[in-house]
Amino acid sequence: MLRMSNLFVKTLRDDPADAEVASHRLLVRAGYIRRAAPGGFSWLPLGWEVYRNVENMVRDEMNKAGFQEVHFPALLPREPYETTGRWTEYGDNLFRLQDRKGADFLLAPTHEEMFTLMVKDIAASYKDLPVSLYQIQTKYRDEARPRAGLLRTREFVMKDSYSFDLTDAGLDESYAAHRQSYIDLFDRMGLPYVIVSAMSGAMGGSKSEEFLSPMDVGEDTYIRCTNCDYAANVEAVTTPVPDDVPLDGLPEAIVHDTPGTPTIETLVDFINADASLRLPDRDWSAADTLKNLVVTLKHPDGTVEPLAIGIPGDRDVDMKRLEAVVAPAEAEPFTEADFAKYPSLAKGYIGPGVLGEQNATGIRYLVDPRIVTGTAWVTGADAHGRHVIGLTAGRDFTPDGVIEAAEILPGDTCPACGSDVEIARGIEIGHIFQLGRKYAEALDLWVQGEDGKPATPTMGSYGVGVTRCLAAIAEATSDDIGLCWPREISPADVHLVMAGKEGGPQREAAEKIAAELEARGLRVLFDDRVKVSPGVRFKDAELIGIPTIAVAGRGVADDEPTMEVKDRRTGDREDVPLDQVVDHLVAVTKRV
RNA sequence: CGGGGUGUAGCGCAGCUUGGUAGCGCGCCACGUUCGGGACGUGGAGGCCGGGAGUUCAAAUCUCCCCACCCCGACCA
């Protein structure tokens with residue numbers, strides 16, 4: 001039994017000045033955690049209790065799914081990460097350090113290499129596979145900017161699993177098993193979430209999904225449909241392709257002087273102001289223009305390559321989407337020096353006329369999927385102060401291909417059902433993806449196959465942020481006055497408040513009930529303090545957020561003694577006869 | 001890494017413009033009163049004013065440098 005009279009906790013009346021988001025504010029105020037380092041937190045007794053409950057829930061669901069728990073050091077030697085290239089590729093986010101002899105070590109940000117090596121060490125035959133292993137381990141990442149309390153830290157606990165299969169079909173099964181176990185887990189946590197398609201990016205996998213818990217303080221932007229259940233990470237959204245427009249009868253493209261119109265805005269204003277250019281039924285808009293811009297792609301092998309992108313002028317290029325598409329290459333905007341190498345590029349007036357592998361610059365030219373055959377555009381005429389109106393795709397120019405790089409805007413068309421999409425924020429609580437054979441090949445993992453020949457396993461990787469989930473749960477369930485834990489995660493089943501003055505019958509009744517509850521297997525937090533006023537005890541109970549609050553107060557002194565039982569979430573309270581209150585509480589708090 | 005803000009008692013803050021004995025609320029200690037919604041009285045303890053250098057008779061206050069934290073952006077399995 002936890003007694004408030006000696007529990008190592010101090011609740012705060014005021015919000016800590018350095019906490020912004022609700023979970024951070026309340027976890028500190030209620031005495032669960034304290035900041036100990038930039039991006040690092042210490043856990044007080046209540047916090048550690050809650051942490052263990054979350055961790056055990058994760059463990060339980062993994063075990064249920066048949067995955068086996070192992071454990072690795074967090075402090076690892078450089079070599080395996082050197083072999084896979086991640087010692088350098090991981091960049092500034094990797095904590096690197098040296099031992100007394102000057103040998104390089106790292107604090108692991110994730111453990112693909114070690115799992116792969118463990119399987120290499122143990123598994124020799126196809127009979128040893130498939131297998132799914134996981135660990136719950138502290139991870140380290142030298143985040144540029146830790147923020148939002150436990151939501152983004154430099155030291156955090158992650159459950160990471162890895163599956164090893166010999167066939168792609170087997171990987172699909174392992175992936176599906178993990179996906180289902182995550183669904184079970186997050187349902188059990190009571191955490192709202194969406195599953196969005198994600199890009200596996202440079203990891204080279206074929207399939208990837210993120211579990212996002214929708215909340216305003218989340219850092220991930222995703223797209224969801226206002227009508228159907230489509231949801232996708234912004235990088236993974238596909239643009240519906242319109243039908244081609246017949247070319248017959250479309251007006252000729254006309255080159256027009258448009259002095260002083262280097263931007264889309266100035267261009268639209270200019271052509272709207274010229275009566276001879278007016279459209280018969282409406283004003284020109286930015287969506288009628290075709291904006292062309294050039295970037296430099298930097299490939300991992302050090303080579304660079306220019307790439308031209310054409311998108312409707314009412315949109316910007318979304319660098320995240322672009323980089324997801326061109327990964328593992330990185331994209332950077334064209335510099336003045338780059339422009340100098342291509343004199344035919346008229347900055348601000350670049351048009352399809354000089355772009356493409358068949359044209360003057362020879363720069364590969366990819367366009368937005370909306371730019372289909374028969375669509376006509378106002379676009380640069382490749383000379384300063386000149387644009388061309390009615391330049392028609394498939395007739396006047398032919399791009400080298402399409403690219404998904406334009407930003408997504410609210411109201412865009414859902415690729416699944418055709419309704420409008422909206423943009424939402426969420427926090428990533430889980431990520432599953434198919435890794436393939438990258439790590440197995442790099443670290444020379446193979447087993448003897450059924451046919452006697454060596455076979456390279458294919459891997460899946462599956463992560464859950466344990467400490468982040470705790471924060472997300474606090475975020476999602478708390479209210480203005482405090483935390484409000486789901487029953488299974490709560491540090492106790494019942495918060496028993498002793499009211500009434502010391503020396504009254506309340507002390508005896510509360511002690512008795514507390515002992516009986518404990519005997520019935522309930523976890524009790526008993527506020528037996530006499531030094532603080534009842535108001536403080538009630539406020540603390542609400543702040544600490546145990547889902548059921550029982551009060552031994554004035555009702556205890558009645559002819560037919562009662563205790564009050566209150567639901568923290570709804571605020572509903574009822575008076576229960578003292579001799580029934582234990583049964584009542586056992587019933588209310590029964591785990592479902 | 002860029003922009004903005006903030007560093008003063010355990011926590012939340014004032015004082016800084018205009019240099020001159022470091023303050024308030026909460027919390028903490030002691031005693032008494034109170035006891036169902038963050039009670040009250042009386043008396044206490046607690047500070048290298050983020051760090052360093054400078055200006056000055058004198059610096060929390062003015063100048064310069066550094067550090068830390070928060071927010072926005074960049075970055076981010």
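Note on naming: letters A, B, ... go to the chains in the order of the sequence lines (proteins, then strands), and numbering restarts at 1 for each one.
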Exercise. Quickly work out the A/K531 NZ to B/rA39 C1' distance and round it to whole Å.
Key: 17 Å
Self-check item: Separation of B/rG36 P from A/D558 CG (nearest whole Å)
Solution: 13 Å
Self-check item: Flag if over 12 foreign heavy atoms under 6.0 Å of CG, A/D216
Solution: no
Exercise. Measure from the side-chain heavy atoms of A/E564 and tell me the nearest of B/rC76, B/rG36, B/rA77.
Key: B/rG36
Practice problem: Check ring-ring contact (aromatic ring centres under 6.0 Å, His included) between A/H24 and all other residues, then give those that pass, not counting sequence neighbours. | Solution: A/F41
Quiz item: With a 4.0 Å cut-off on heavy atoms, is A/K566 in touch with a base, just the backbone sugar-phosphate, or nothing at all?
Solution: base
Self-check item: Under 4.0 angstrom between A/T110 side-chain N/O and B/rA77 OP1 or OP2
Solution: no
Quiz prompt | A/D540 or A/R154, whichever maps to the more 5' nucleotide of RNA chain B | solution = A/D540
Quiz prompt | Short N-O contact, A/R25 and A/D15, less than 4.0 angstrom | solution = yes
Practice problem: In whole angstrom, give me the gap between the C1' atoms of B/rU61 and B/rG15. | Solution: 9 Å
Quiz prompt | Between B/rC40 and B/rG25 - C1' atom distance, rounded Å | solution = 16 Å
Quiz item: If you count the non-hydrogen atoms of other residues, nucleotides and ligands that lie under 6.0 Å from CG in A/D480, is the total more than 12?
Solution: no
Using a cutoff of under 3.5 Å, can you pull out all pairs of nitrogen or oxygen atoms linking the protein to nucleotides 9-12 of chain B, with atom names and distances?
from: B/rG12; atom 1: OP1; to: A/A17; atom 2: N; distance (Å): 2.9

Quiz item: Testing A/I309, A/D314, A/I311 for side chain to side chain contact (heavy atoms under 4.5 Å, CB included) with A/K291, which one passes?
Solution: A/I311
Practice problem: Please report the closest heavy-atom contact between A/L443 and A/K120, naming both atoms and the distance. | Solution: O-NZ, 2.9 Å
Exercise. Scan every strand shown for a Watson-Crick or G-U wobble partner of B/rU6, both distances under 3.5 Å, and answer none if you come up empty.
Key: B/rA68
Quiz item: Just checking A/E219: base, sugar-phosphate only, or nothing, at a heavy-atom cut-off of under 4.0 Å?
Solution: nothing
Quiz item: Would you say the side chain of A/L7 lies within less than 4.5 Å of the side chain of A/L46, judging by non-hydrogen atoms?
Solution: yes
Self-check item: Exercise: do A/Y140 and A/E155 side chains pair donor with acceptor under 3.5 Å
Solution: yes
Quiz item: A/R152 near the nucleic acid: base, sugar-phosphate alone, or nothing, with a heavy-atom cut-off under 4.0 Å?
Solution: base
Self-check item: Pair assignment for B/rA39, Watson-Crick or G-U wobble, requiring both distances under 3.5 Å
Solution: B/rU33
Exercise. Compare the minimum distances between each of B/rG36, B/rC71, B/rA77 and the side chain of A/V551, then state the nucleotide with the smallest one.
Key: B/rG36
Quiz prompt | Closest to side chain of A/P38, choosing from B/rG37, B/rA77, B/rA68 | solution = B/rA68
Quiz item: Which part of the nucleic acid does A/R529 contact within heavy-atom distance under 4.0 Å: base, sugar-phosphate only, or nothing?
Solution: nothing
Exercise. Tell me, yes or no, whether the heavy-atom count around A/E173 atom CD, taken from other residues, nucleotides or ligands under 6.0 Å, exceeds 12.
Key: no
Quiz item: Touch check for A/T11, heavy atoms < 4.0 angstrom, all strands: base, sugar-phosphate only, or nothing?
Solution: base
Quiz item: What nucleic acid atoms does A/K139 come within less than 4.0 Å of, heavy atoms only: base, sugar-phosphate, or nothing?
Solution: nothing
Just the table, please: protein N/O against nucleotides 3-8 of chain B N/O, every pair under 3.5 Å.
none

Exercise. Consider the side chain of A/E143, meaning its heavy atoms from C-beta on, and name the nucleotide among B/rC76, B/rG37, B/rG36 that approaches it most closely.
Key: B/rC76
Quiz item: Between A/K10 and A/G553, which is nearer to the 5' end of RNA chain B once each is assigned its nearest nucleotide?
Solution: A/K10
Quiz item: Does any nucleotide pair with B/rG73 by Watson-Crick or G-U wobble geometry, both distances under 3.5 Å, and what is it?
Solution: B/rC1
Quiz prompt | C1' gap between B/rG44 and B/rC49, integer Å | solution = 23 Å
Quiz item: How close or far is atom C1' of B/rA77 from atom CD of A/Q135, stated in whole angstroms?
Solution: 13 Å
Quiz item: Taking a pair as Watson-Crick or G-U wobble with both distances under 3.5 Å, which nucleotide is matched to B/rU63?
Solution: B/rA53
Self-check item: Salt-bridge contact A/E441-A/R437 (side-chain N to carboxylate O under 4.0 Å)
Solution: no
Practice problem: Run the ring-centre check on A/F115 versus A/F72 and record whether the distance is less than 6.0 Å. | Solution: yes
Practice problem: State whether the distance check finds a donor on one side and an acceptor on the other, under 3.5 Å, for side chain A/R147 versus base B/rG73. | Solution: no
Quiz item: Rounded to the nearest Å, what distance is computed from the CD atom of residue A/E113 to the P atom of nucleotide B/rA77?
Solution: 14 Å
